[in-house]
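All residue numbers refer to positions in the sequence shown, counting from 1.
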Amino acid sequence: MPDSYSPQYVEAAWYPWWEQQGFFKPEYGRSSVSAPNPRGIFMMCIPPPNVTGSLHLGHALTNAIQDSLTRWHRMRGETTLWNPGCDHAGIATQVVVEKKLWREQGRNRHELGREAFLREVWKWKEEKGDRIYHQLKKLGSSLDWDRACFTMDPKLSAAVIEAFVQLHEEGVIYRSTRLVNWSCTLNSAISDIEVDKKELTGRTLLSVPGYKEKVEFGVLVSFAYKVQGSESNEEVVVATTRIETMLGDVAVAVHPKDPRYQHLKGKSVIHPFLSRSLPIIFDDFVDMEFGTGAVKITPAHDQNDYEVGQRHGLEAISIMDSRGALINVPLPFLGLPRFEARKAVLAALKEQGLFRGIEDNPMVVPLCNRSKDVVEPLLRPQWYVRCGEMAQAASAAVTRGDLRILPETHQRTWHAWMDNIRDWCISRQLWWGHRIPAYFITVNDPTIPPGEDPDGRYWVSGRSEAEAREKAAKEFGVSPDKIILQQDEDVLDTWFSSGLFPFSILGWPNQSEDLSVFYPGTLLETGHDILFFWVARMVMLGLKLTGRLPFREVYLHAIVRDAHGRKMSKSLGNVIDPLDVIHGVSLQGLHEQLLNSNLDPSEVEKAKEGQKADFPAGIPECGTDALRFGLCAYTSQGRDINLDVNRILGYRHFCNKLWNATKFALRGLGKGFVPSATSEPGGHESLVDRWIRSRLTEAVRLSNQGFQAYDFPAITTAQYSFWLYELCDVYLECLKPVLNGVDQAATECACQTLYTCLDVGLRLLSPFMPFVTEELFQRLPRRMPQAPPSLCVTPYPEPSECSWKDTEAEAAIELALSITRAVRSLRADYNLIRIRPDCFLEVADEATGALASAVSGYVQVLASAGVVAVLALGAPAPQGCAMALASDRCSVHLQLQGLVDPARELGKLQAKRGEAQRQAQRLRERRSTMSYPVKVPLKVQEADEAKLRQTEAELRKMDEAINLFQKMV
């Protein structure tokens, strides 16, 4: 066995062996997955990472939690499936491949054509798409890779088509022209989750793709519309942050109760650049207090204005095409890019004398998180999912308790979202993705008028074009040969296929063994940030299409932040790659990663400074086990995780402690050791044997209880405390004299107990630290020849197996530890480092005396004391002893006579006492001033009081010591 723990050595070979042996498959150890299992079934699907993705700490946290839960359920004997998968990531993948094409061939996708471009995407996917899977394996994730699914696989694609057709036939999916989030760079609608909200405090210049110069945002421009037919040249002043959109204005709105505008009822204003007048309308949505109380209405380019337009029957005039160039406007604005038009409109207003001012305006600018383009609300005919009834069903499932959302604080968010849900736009103007199985119908019959795009009657869906043709012919009462179909060019929002994931991976809509056994699943575990985008849609679509919830519980973990609580961001230099924590990286290596990123040069320097401050010596090698254990230890429900790499390094030291403890134990057990057939005690165990079994019982109870409650810090704390503070710090120390002694019966009992601690302790830790525990477990002898081949399929310790609670032994050893702490404290006070002073225990009653006598040998070992003697009741301690309290029933007297120079110690103490007295006096004087309670903040007052109490306690201790040394001089 190597001398010290090396993550690289330990983590090198176990994963391929686990996978090769089929330990991660639910079939392992049983004839089939549908074979009855009294222990039950555990099924969870992975939140499918993007095929373009690489591992980040959010993935590492998700997988540390999910894998620990999966391994726990598997070790409990349940039929366990953790199903992997990968998302085709429509926009992200298309952007990656388009950039690659441009870089390598100097061509765009339009020059290539749809079919050829899709071949390029599939080629890229085959070459690079499984990178994230390799990284998940590096984390030890015990997924059944034979069941891995890709959302564009034939099986999942068939499920997507089936879901669309079913929902379209029921009228749940429909066609409508509405405002969508539009990325002009991508030339596509994007979902809300793909929109970043950039907050501005005032005037800001931002870089926008396609523009050489930065564009001004964060300002409010005021301009005047002249009232039509006004003899006094009356005007209405409006303000906007997007001045170019005034070319699409169709009205001016004021509040019905605003006295300033009552005389303008029925009037209109004149548009300075267009041959139309704009009616003045009255609507409650206007805020009378904001600006002039009058607002411009542009229904085709603003959500609020669109709703106003619907209420008042206003025309929605689109003034931008899909690339952001102006249309339906006069020269000189026609054809201008939108932000060039912004400058041109402002100049034209000034020229006509209608400009009224510009001021800073805090605002939020929506940015496409893929292209960094400014998102434009545009009117487009798209496919929508009607969400109202499905949302009610999803909300009711939580109210009834059929679906549990943990932590429960998220339930309020769930209900709020479901109560205020809008219909979901599922069209994306991309080539990569599931092409929408809907066809626009043209009927080759002069008696049937041609249809318009938004008219749902002229759209038909089908599992195949032939099925769609039959349906269209039936709808219009003509023969199929009269029907001409044009399939929608668009693809479906990636979240649509992700929403079907829990059942599409199991073969739905076709019946299969996996679908009957593993659906509904047990648990969905993910970050709380995608509760709505993914979890809600899975629940809604699951209930709608299968009639059942896709899972019974949802556990939402927190967001990982840096050690200072800041969101991780490349520009701050605080983004941590989990593989850097596992393998270690130099500061120079971190800097080089920044240079290979897409940050601006100015941001690179700022990020470098951030890295230098947080990781002056780089990141040390911590290993997978330490990273997993650390992330789970941080995961307290409902709180974000402020990740300090130094704490992860602490868990690497913990792995080293496990290694050394096991190495010591194996040496102590000896080569000929044979563990007994069961873990039950033999009946001749010593007090400390009984105590460690009792503590092990508690660790087993807390671990199982913690897993059931998703209380990961409770589990990690229980296991860490058992191994470090109880097994290593106490039991192994107390064992050394026994293992070196001559009492064979005591040695045998101790060895069996030690083996039980290692066996149970490694099994407890295995879900969090699979690599190091497997490595150590394989070095232990087995109780039975037919024992499972791997720790990951060995039964998890259950409270019924480990029921050795022993309050008597715990009370006795707790007294020993209290005495030990008191002795160590006195040794530190009097600087007794290499000396073994004698120790006298003064007890309050005979029972405590008997207990102290029983543990005196353990105190001698743990406290590195000389003689440990219990004084007769009422007998004084010898002269020259320092005293400390171990408990209210026991005092410790440590012999100093002959071990220290009393005169020298007295001089040091008196100098120290003088300084402490001065400090206490300063504090008392400060607190006694008249203004202190009023002027000094409460927190400072509390800190002063605590400091005074501490100083006074130190003074009392010093006085005792001075008194003792004066007697010794």
Side-chain angles (χ1 to χ4, degrees), residues 200-206 208 211 213-255 258 260-261 263-264 267-281 286-302 304-305 308 317 319-320 324-365 374 376-377:
L200 307 180
T201 54
R203 183 178 182 271
T204 309
L205 295 175
L206 298 179
V208 178
Y211 293 85
E213 294 178 6
K214 290 190 173 183
V215 180
E216 182 182 59
F217 293 89
V219 294
L220 195 64
V221 177
S222 300
F223 68 95
Y225 275 129
K226 297 293 183 182
V227 176
Q228 193 169 28
S230 167
E231 293 175 9
S232 59
N233 202 26
E234 189 177 0
E235 63 186 32
V236 177
V237 176
V238 293
T240 178
T241 56
R242 296 156 66 217
I243 190 67
E244 66 281 7
T245 63
M246 65 85 66
L247 295 168
D249 285 0
V250 296
V252 170
V254 295
H255 196 279
D258 195 329
R260 294 169 292 183
Y261 300 108
H263 67 290
L264 294 179
K267 296 283 181 74
S268 298
V269 293
I270 303 161
H271 199 292
F273 310 128
L274 306 168
S275 58
R276 65 173 180 256
S277 57
L278 316 180
I280 296 168
I281 60 172
V286 180
D287 179 1
M288 286 192 282
E289 306 301 317
F290 184 75
T292 62
V295 293
K296 59 190 276 308
I297 302 296
T298 323
H301 295 280
D302 180 275
N304 290 326
D305 293 5
V308 172
I317 300 170
I319 61 158
M320 280 177 215
L326 265 57
I327 54 172
N328 300 324
V329 296
L331 291 169
F333 310 113
L334 186 64
L336 284 179
R338 56 190 166 145
F339 296 124
E340 294 296 332
R342 178 170 291 189
K343 291 188 277 191
V345 169
L346 192 59
L349 285 168
K350 287 178 178 176
E351 195 179 314
Q352 294 215 14
L354 297 172
F355 172 74
R356 294 292 177 266
I358 188 166
E359 59 184 281
D360 276 38
N361 180 61
M363 66 180 289
V364 173
V365 177
V374 176
E376 201 65 54

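Here the closest heavy-atom approach between residue S268 and residue P279 is recorded as OG-CA, 3.6 Å. Closest heavy-atom contact between A239 and S222: CB-OG, 3.7 Å. Nearest heavy-atom pair across M363 and G218 is SD-N, 3.3 Å. Contact record, P272 with L354: CB-CD1, 3.5 Å, taken as the closest heavy-atom pair.
With sequence neighbours excluded, the residues satisfying side chain to side chain donor-acceptor pair (under 3.5 Å) with D258 are R260. By the side chain to side chain donor-acceptor pair (under 3.5 Å) test, T201 is found to be paired with no residue, residues two or more places apart in sequence or in another chain being considered. Partners of L334 according to the side chain to side chain contact (heavy atoms under 4.5 Å, CB included) rule, which considers only residues two or more places apart in sequence or in another chain, are V329, L331. R276 pairs by the salt bridge (Lys or Arg N to Asp or Glu O under 4.0 Å) definition with nothing, not counting sequence neighbours.
Counting only residues at least two apart or in different chains, side-chain hydrogen bond (donor to acceptor under 3.5 Å, both in side chains) contacts with residues 244-254 comprise Y225-D249, E244-R342, T245-K296, D249-K296, D249-T298. Every pair passing salt bridge (charged side-chain N to carboxylate O under 4.0 Å, His left out) that includes a residue from residues 221-236 is listed here, sequence neighbours excluded: K226-E235, E235-R356.
When side chains are defined from C-beta on, M246 counts as touching V345, because their heavy atoms get closer than 4.5 Å. Residues Y261 and V236 have side chains in contact (heavy-atom distance under 4.5 Å, counting atoms from C-beta outward). Here the side chains of L326 and M320 are in contact, with some heavy-atom distance below 4.5 Å. Taking the side chain as every heavy atom from C-beta outward, K214 and L206 never approach each other to under 4.5 Å. By the 4.5 Å heavy-atom criterion applied to side chains, V374 and Y211 are not counted as neighbours. Using a 4.5 Å cut-off on side-chain heavy atoms (C-beta onward), L274 and P330 make contact.
Between atom CD1 of residue I358 and atom OG1 of residue T241 there is a gap of 11.0 Å, rounded to the nearest 0.5 Å. The structure places CG of L264 at 4.5 Å from CD1 of I280, a figure rounded to the nearest 0.5 Å. Taking CD of E340 as the start and CZ of F333 as the end, the distance is 13.0 Å to the nearest 0.5 Å.
Within 6.0 Å of CD on E213 lie no more than 12 heavy atoms contributed by other residues, nucleotides or ligands.
Side-chain atoms of T292 come within 3.5 Å of backbone N or O of V237 as a donor-acceptor pair. D360 places a side-chain N or O within 3.5 Å of a backbone atom of R203 that can act as its donor or acceptor partner. Judged by distance alone, with hydrogens and angles left aside, the side-chain atoms of H301 form a donor-acceptor pair with the main-chain N or O of I319 at under 3.5 Å.
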Apply side-chain contact (heavy atoms from CB on, under 4.5 Å) to the pair V238 and F223, showing each step before the final yes or no. CA-CA 6 Å; V238 293; F223 68 95; 3.5 Å; yes

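Just one residue in the list I281, V252, V295, I297 forms a side chain to side chain contact (heavy atoms under 4.5 Å, CB included) with V286, and that residue is V295.
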